[in-house]
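Since the structure comes first, as structure tokens, the remarks are kept for the end.
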Amino acid sequence: MSIEQPKDASRRQFMKASGTLAASIPFISAQQVKAAPKADGQIPLAQDERIVHTCSTFDCGGKCDIRAHVRGNQLVRISTINDEAVDDDMPLMRACVRGRGYRRFVNHPDRLKYPMKRVGKRGEGKFERISWDEATSIIASESKRLAEQYGPSSRHIIEGTGAVTGALNGVEFAKRLFNLTGGFLHAHGNPSTVNAMIGTIFTYGENPLAGSSLETLRDSELIILWGHNPAETVFGNSNHFFQELKRAGKRIIVIDPRFSDSVAAYADEWIPLKPTSDSALVEAMAYVIFEEGLQNQSFIDKYSVGVSEASLPDGVPKGESMLAYLNGDKGGVKKTPEWAEPITGVPAATIRRLAREYAKAKPAALLMGWGPSRHYRGEHMTRSTAWLPVITGNVGVSGGSAGAWNAPAYLRFPVHPDNFENPVGHEISFTQLNQAIADYQSVGPHNGLQGAEKLDAPVKMVMCLGSNYLVNQNQNINKAAKILEDESKCELIVVSDLYMTPSAKYADILLPETSFAERWNFGFAWGFGDYVRVSEPLLKPEFERRSDYDWLLDVARKLGVEKQFGEGLDEHGWVKKCWTMMQETYPDENLPNWDGMLKKRTHLFKSGVKTVAYQPNIDDHDNQPFLTESGKIEIFSKALYDMQDPAIPALSHYQPSPESFADKSLSKEYPLQLITWKPANRANSTMYNNPWMQEVKRQELWINPIDAQARGIKDDQSVRVINGRGVIEIPAKVTPRIIPGTVGLANGAWRQLDKNGVDKGGCANTLSSDLQSPIGKGNANKTMLVEVSVA
Ligand SMILES: Nc1nc2c(c(=O)[nH]1)N[C@H]1C(S)=C(S)[C@@H](COP(=O)(O)OP(=O)(O)OC[C@H]3O[C@@H](n4cnc5c(=O)[nH]c(N)nc54)[C@H](O)[C@@H]3O)O[C@H]1N2
Ligand SMILES: Nc1nc2c(c(=O)[nH]1)N[C@H]1C(S)=C(S)[C@@H](COP(=O)(O)OP(=O)(O)OC[C@H]3O[C@@H](n4cnc5c(=O)[nH]c(N)nc54)[C@H](O)[C@@H]3O)O[C@H]1N2
Ligand code: SF4
Ligand SMILES: [Mo]
């Protein structure tokens, strides 16, 4: 697919407007450029221009206030919230650069127009137009045949995130349909947070929401953003809060291998470290804290297990505690800053200073992003970050933080139509799809199967709706592509998207969905926001675009379950039904009914209620112990100890990671560690082909001048990034914004193979591995080694 290079006036205006990301500068459309702005900065409206307060349903970190300007059947401009609407305790979110570019996502010449059937080999991307009747007949008859021939567990749905924050989305309706017709093979876990969640559960217990509400940071003396980059990842209204905190003079430190936009936007200090070495930094900080007597001993004694030998659970031999480990009682190595310096790349003096500063600031908030957890030992890294708040007594305190999974304090999951029970009782890990297609007998509990000892069937049908996971976002897309190209293995792939993505090229049936701007919905904020917003059809769908619900209803009819599936409702009917369900799920006396909501547009739940993670477990410990086996915070986990697996230490501690800088054998050939991050200009791979977003940031390889010089690489030069799994070729950005020895790629670029198999799109997953994290069998798609050379 060719990526359009924009040349029009509206694009230039867009770049100008979006340069000030957080400001509420209205976006000026081509139709509007001639209009003289009014004195208050507002652009006069055309006579037939209506403004609709709406939102998208992307999985982008936010749920911002979008004011869509519509004329006829055209979205002509996006503006965002005005200052007067901001609530101090729960500020509303203004659109980010992507939101301001929605117009080009919705209105783009490359959008899919008609249902299509594959005509070439799978993956070639050759399709011919077919009717909706033919498309839905094939889906109905094949899903029936495959369920009869192999069993319903041969059908799988990828949990695509394209519209995941909406109450209605294709994935949920597809589950409903499959469950009504025998069931499907569900996948547990998710690529975003599975490792962070599991690490937190084994530390703090069954309630893994380790995040406090952001206004508690007003009470912090020091804030450490540990692999956390809210200036780009948005995480609800965190950007607003961090800017406020910076203005208030709070000290903010960022620990990240990259000088991220959050360093640029808020930080007083950037501490770069080698990726996957975080646990070693934690340990050396803990060493200093104990060495200098800066720990909060009474907190440790009362609330935790495993810091000292005396607190180890019964039946555990001596020498397994944090203090024994730090002292080197077993291996003789003390975990001093000097020990950690070569591992982490952080000077010992900096580690000492950081440890003292963190322990003396009362309270101090250590906020972990989810980036560090998407590494091979992400679960342990998550458990490690809890050490510091526990030994300094920063858990359950306003202005402190529990470390671990910095999950949204106000997390409310979208309410979906009822899916009914899945008659297939077992589930694979989401990291096992390739294996479940190609070699289903090798899938077992040891690599993530739950609810059965073996799989009873290979996966023969995949529904990929609102997802580019099939051959772009998963951990090993080279393997995935090869497996999918064998048409005898997976027999039917259905993709619904707006664009011909790399995954869409692997479809047998490719369906053109409507966008969020052409459907009824309501959207949930995730991250540290607590809103629900109306998302409404601004435009009538053009060509033969249909919503997933609409065509799934046809499939349901052909399978004889239309009545149960559709309940006689159209999409707006389902939205209203879900709204009523939400009123029951999240009762709030101020929540209007749907008609009221159509006027109100945005509802703030519980504005102004401060939430401190684990405060009840600290303040009223006797009556509300932590939901762990011991009732305390488990620095040492007996449950992990009982697993007796060397990759799963009961006391999480630094272990060199395979495919990292510490992998002595692989790093001889591939000496640079490659990490990814979520860039400001797209939501994962969504909007990759939006030309305005490409103009905001291009896909390039970040490389430190030291590594570049050693390889004769100049800024802007095209480079090859290679490992045993693939090759990509993109321009280099030679920059001290990344630590030497590490290179970086923004996540979500589309894989674009040339005839030699070189990915010119720069998709990180051309190089990433399908290593599974040890406990949860989740993803490690940030842990990989490469070599870089001039192309
Ligand atoms: N703009 C934008 N925002 C998004 C998304 C998007 O695609 N674009 N995606 C959304 C989604 S689906 C999710 S799950 C969240 C993800 O949110 P996060 O997982 O928090 O985001 P990342 O950018 O992957 O990682 C955060 C930071 O961790 C750093 N990092 C990488 N490896 C290490 C390490 O080993 N140690 C340390 N200390 N830092 C490390 C990265 O350089 C990055 O700056 O973001 C959401 N927000
Ligand atoms: N190396 C590496 N890999 C990663 C990550 C990483 O940080 N590094 N991040 C991981 C994470 S956290 C996540 S969540 C996944 C995300 O992976 P995915 O869930 O695949 O999300 P997207 O890449 O955004 O793809 C969503 C698709 O939905 C389409 N879409 C948008 N709106 C609609 C709609 O209304 N209807 C339909 N039918 N389609 C729509 C978009 O065009 C896009 O193609 O990627 C994971 N992969
Ligand atoms: S893409 Fe997400 S963060 Fe950006 S404006 Fe839209 S909802 Fe907000
Ligand atoms: Mo994610």
Side-chain angles (χ1 to χ4, degrees), residues 21 55-66 78 80 93-102 105-106 111-112 158-166 168-171 190-194 232-237 239 370-371 373-374 430 464-477 495-504 511-519 521 523 525-527 529 533 535 545 547-548 674-690 693 745-750 763-769 779-784:
L21 297 190
C55 70
S56 87
T57 49
F58 290 166
D59 191 22
C60 54
K63 188 57 57 217
C64 303
D65 188 293
I66 297 299
I78 300 278
T80 188
M93 292 182 272
R94 291 189 199 132
C96 78
V97 69
R98 294 163 292 176
R100 289 157 198 249
Y102 282 163
F105 175 76
V106 171
R111 264 190 74 175
L112 300 173
I158 293 180
E159 301 263 343
T161 62
V164 74
T165 53
L168 304 194
N169 73 60
V171 171
N190 69 71
S192 314
T193 58
V194 66
E232 283 185 277
T233 53
V234 184
F235 275 47
N237 49 21
N239 213 346
W370 305 347
S373 77
R374 284 202 297 283
F430 71 97
C464 179
L465 314 180
S467 171
N468 193 6
Y469 203 75
L470 205 53
V471 192
N472 208 75
Q473 292 303 103
N474 91 55
Q475 304 76 258
N476 192 335
I477 54 179
V495 173
S496 117
D497 206 298
L498 275 64
Y499 292 101
M500 182 68 82
T501 64
S503 296
L511 305 172
E513 237 238 286
T514 47
S515 73
F516 69 87
E518 293 140 2
R519 295 195 298 265
N521 218 331
W526 68 263
R533 291 192 200 275
S535 179
R545 292 171 190 141
S547 77
D548 284 339
L674 171 65
I675 56 165
T676 68
W677 71 93
K678 309 277 188 186
N681 59 339
R682 47 183 183 257
N684 293 301
S685 75
T686 300
M687 302 253 258
Y688 169 75
N689 63 332
N690 181 331
M693 294 303 109
L745 271 181
N747 157 61
W750 286 8
C763 174
N765 295 325
T766 295
L767 302 160
S768 63
S769 94
N779 49 327
N781 52 4
K782 276 189 159 179
T783 318
M784 55 196 130

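Order of listing sets the numbers, starting from 1, for every ligand and every atom in it.
- Counting heavy atoms closer than 4.0 Å to ligand 2, residue T514 contributes backbone atoms (N, CA, C, O) but none from C-beta onward.
- Here 1 is the count of protein N, O or S atoms positioned under 2.8 Å from atom 6 (Fe) of ligand 3, waters not counted.
- Judged by distance alone, the side chain of D497 and the main-chain N or O of Y499 form a donor-acceptor pair under 3.5 Å.
- Using 4.0 Å as the threshold, A683 has a heavy atom nearer than that to some atom of ligand 2.
- The side chain to side chain contact (heavy atoms under 4.5 Å, CB included) search around S467 returns I158, C464, Y469, not counting sequence neighbours.
- In this structure, the protein non-hydrogen atom closest to atom 7 (O) of ligand 2 is R374 NH2, 3.3 Å.
- Judged by distance alone, with hydrogens and angles left aside, the side-chain atoms of E513 form no donor-acceptor pair with the main-chain N or O of L498 at under 3.5 Å.
- Scanning the protein for heavy atoms near atom 37 (C) of ligand 2, the closest one is E513 OE1, 3.4 Å.
- Close N/O approach between T501 and ligand 2 is not found [any backbone or side-chain N/O within under 3.5 Å].
- Every heavy atom of W370 sits 4.0 Å or more from the atoms of ligand 2.
- Side-chain atoms of S768 come within 3.5 Å of backbone N or O of Q475 as a donor-acceptor pair.
- Side chain of S503 to main chain of V471: a donor-acceptor pair is present (N/O by atom type, distance under 3.5 Å, no hydrogens or angles).
- Nearest to atom 39 (N) of ligand 2 among the protein's heavy atoms is G466 CA, 3.2 Å.
- Taking only nitrogen or oxygen atoms, main chain and side chain alike, M784 does not reach within less than 3.5 Å of ligand 2.
- When the heavy-atom distances from atom 11 (C) of ligand 2 to K678, Q473, R682 are ranked, the shortest goes to K678.
- The N/O atoms of K782, backbone and side chain alike, include none that comes under 3.5 Å of an N/O atom in ligand 2.
- Close approach to N747 involves these atoms of ligand 2, each under 4.0 Å from a residue heavy atom: 2 (C), 3 (N), 4 (C), 5 (C), 6 (C), 7 (O), 8 (N), 9 (N).
- At a heavy-atom distance under 4.0 Å, only side-chain atoms of F105, from C-beta outward, approach ligand 2.
- Ligand 2 lies nowhere less than 4.0 angstrom from a heavy atom belonging to T57.
- In this structure, the protein non-hydrogen atom closest to atom 8 (N) of ligand 2 is T676 OG1, 3.1 Å.
- Put simply, the side chain of T165 gets close to the backbone of F58: a donor and an acceptor are under 3.5 Å apart.
- Less than 6.0 angstrom separates the ring centroid of Y102 from the ring centroid of F516.
- Among all non-hydrogen protein atoms, the one lying nearest atom 22 (P) of ligand 2 is S685 OG, 3.5 Å.
- Counted by atom type alone, D548 and S496 present one or more donor-acceptor pairs between their side chains at under 3.5 Å.
- From the protein, the heavy atom lying nearest to atom 15 (C) of ligand 2 is P191 CG, 4.0 Å.
- The atoms of ligand 2 that sit less than 4.0 Å from any heavy atom of Y469 are 20 (O).
- Comparing N689, L470, L498 against atom 33 (C) of ligand 2, the shortest heavy-atom distance belongs to L498.
- For the pair K782 (side chain) and T676 (backbone), a donor-acceptor distance under 3.5 Å is present.
- Between R94 and T80, the side chains place no donor N or O within less than 3.5 Å of an acceptor N or O (distance only, hydrogens not considered).
- A distance-only check finds no donor-acceptor pair linking the side chain of D59 to the backbone of V164 [under 3.5 Å].
- Between N781 and ligand 2, at least one pair of N/O atoms sits closer than 3.5 Å.
- If you check which protein heavy atom lies closest to atom 35 (O) of ligand 2, you get R519 NH2, 2.8 Å.
- In terms of polar-atom proximity, S768 is not counted as a contact of ligand 2, lacking any N or O under 3.5 Å from an N or O of the ligand.
- Atom numbering of ligand 2 starts at 1 in the shown order; those under 4.0 Å from a heavy atom of S192 are 12 (S), 14 (S).
- In this structure, Y688 and N472 have side chains that are not in contact, with every pair of non-hydrogen atoms separated by 4.5 Å or more.
- The closest side-chain heavy-atom distance from K63 to M93 is below 4.5 Å.
- Qualifying side chain to side chain contact (heavy atoms under 4.5 Å, CB included) partners for V234, counting only residues two or more places apart in sequence or in other chains: R98.
- Residues W677 and E232 are in side-chain contact: their nearest non-hydrogen atoms beyond the backbone lie under 4.5 Å apart.
- Among residues two or more places apart in sequence or in another chain, the salt bridge (Lys or Arg N to Asp or Glu O under 4.0 Å) test is passed with R374 by none.
- For the side-chain hydrogen bond (donor to acceptor under 3.5 Å, both in side chains) with Q473, the lone residue among N747, N468, T161 that qualifies is N747.
- At least one heavy atom of S496 sits closer than 4.0 Å to an atom of ligand 2.
- Among V495, N468, D497, V194, the residue whose heavy atom lies nearest to atom 29 (C) of ligand 2 is D497.
- Under a 3.5 Å cut-off, the side chain of S515 and the backbone N or O of A517 do form a donor-acceptor pair.
- Shortest contact from atom 19 (O) of ligand 2 to any protein heavy atom: T161 OG1, 2.7 Å.
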